[in-house]
Amino acid sequence: MKFFVDSADVDAIREIAGNGLIDGVTTNPSFVACSGRPIKELIAEICSVVDGPVSAEVAATSTEEMVREGRILGSVAPNVAVKVPLTWEGLKACNVLTTEGFMVNVTLCFSANQALMAAKAGATFVSPFVGRLDDLNIDGLDLIAEIRAIFDNYDALETEILCASVRTPNHVKQVALIGADIVTLPPEVLPTLVSHPLTDKGLAAFLADWEKGGQTIEE
Ligand code: E4P
């Protein structure tokens, strides 16, 4: 499973990318607005930090305008994935942009039929939102399982499942068990996948014993 970072915070992205742990980035209009920076400049900088796909979202709602904005964003760097919303107009824009050779991430997916339609429109990625369904007392993980099952039924559906709105370590484990292709995580969730009290306790005991032994490791 590939790991993307869900953020437009360049410092946080740079720090995580330096660990070699991530395969891409997803941004959204809220993150970009919060950064206070012009979108093209911001996306160009993120693309220079990360080799993999960097999603940059259009703000228009008509097909024609989404295609226009998508061409602009998609030309910022070769690793930009143009992000469009999962609407009828967005799917038409997805089809045009993918035909022109751009990667497209169809976002705001909340049903299996929506995901199927995104795949039919040629999306590179479809982004089902796990946490926002959980917020409504609907199990977001069920949606990931449904989409995985549908995509696995048809070899021609090559769209990757990019699990978004992932907020907890348990979400990560469950979508990995289901077989999602990608998970996008807020930067602060990534370290929680590593921490375990028994690891900390065990390390402390090993180091205490080591110190008592008085050895050092040298050439
Ligand atoms: C996806 O691309 C979105 O940026 C994101 O995952 C939304 O997460 P949220 O529901 O926690 O805001």
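Just follow the structure's listing: the first ligand is 1, and inside any ligand the first atom is 1. The residues of the chain are indexed from 1 along the displayed sequence.
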Exercise. Do Asp51 and Asn79 come within less than 4.5 Å of each other through their side chains, counting heavy atoms only?
Worked result: no
Problem set entry | For Asn28, atoms of ligand 1 separated by under 4.0 Å from a heavy atom | 3 (C), 4 (O)
For this session: Could you tell me whether the side chain of Leu157 reaches within less than 4.5 Å of the side chain of Lys120, counting heavy atoms only?
Result: yes
Exercise. Are Phe3 and Val25 in one and the same hydrophobic cluster, where Ile, Leu, Val, Met, Phe, Trp and Tyr link if side-chain heavy atoms are under 4.5 Å apart?
Worked result: yes
Seminar exercise, completed: The closest protein heavy-atom partner of atom 11 (O) of ligand 1 is Arg167 NE, 3.1 Å
For this session: Indicate yes or no: does an N/O atom of Asp6 lie under 3.5 Å from an N/O atom of ligand 1?
Result: yes
For this session: Answer yes or no: is there a donor N or O on one side and an acceptor on the other, between the side chain of Ser127 and the main chain of Ala164, under 3.5 Å?
Result: no
Exercise. Can you check whether Ala123's main-chain N or O pairs, donor with acceptor, with Thr159's side chain at less than 3.5 Å?
Worked result: yes
Exercise. Applying a strict 4.0 Å limit to heavy atoms, is Lys83 in contact with ligand 1?
Worked result: yes
Exercise. Should you measure from each heavy atom of Ala164, which atoms of ligand 1 turn up under 4.0 Å away?
Worked result: 1 (C), 6 (O)
Exercise. Donor-acceptor pair, Gln174 side chain versus Leu141 backbone, under 3.5 Å?
Worked result: no
Seminar exercise, completed: Note: ligand 1 atoms sitting under 4.0 Å from heavy atoms of Arg132 are 7 (C), 9 (P), 10 (O), 12 (O)
For this session: Could you check atom 8 (O) of ligand 1 against the protein and tell me its nearest heavy-atom contact, residue, atom and distance included?
Result: Ser165 CA, 3.4 Å
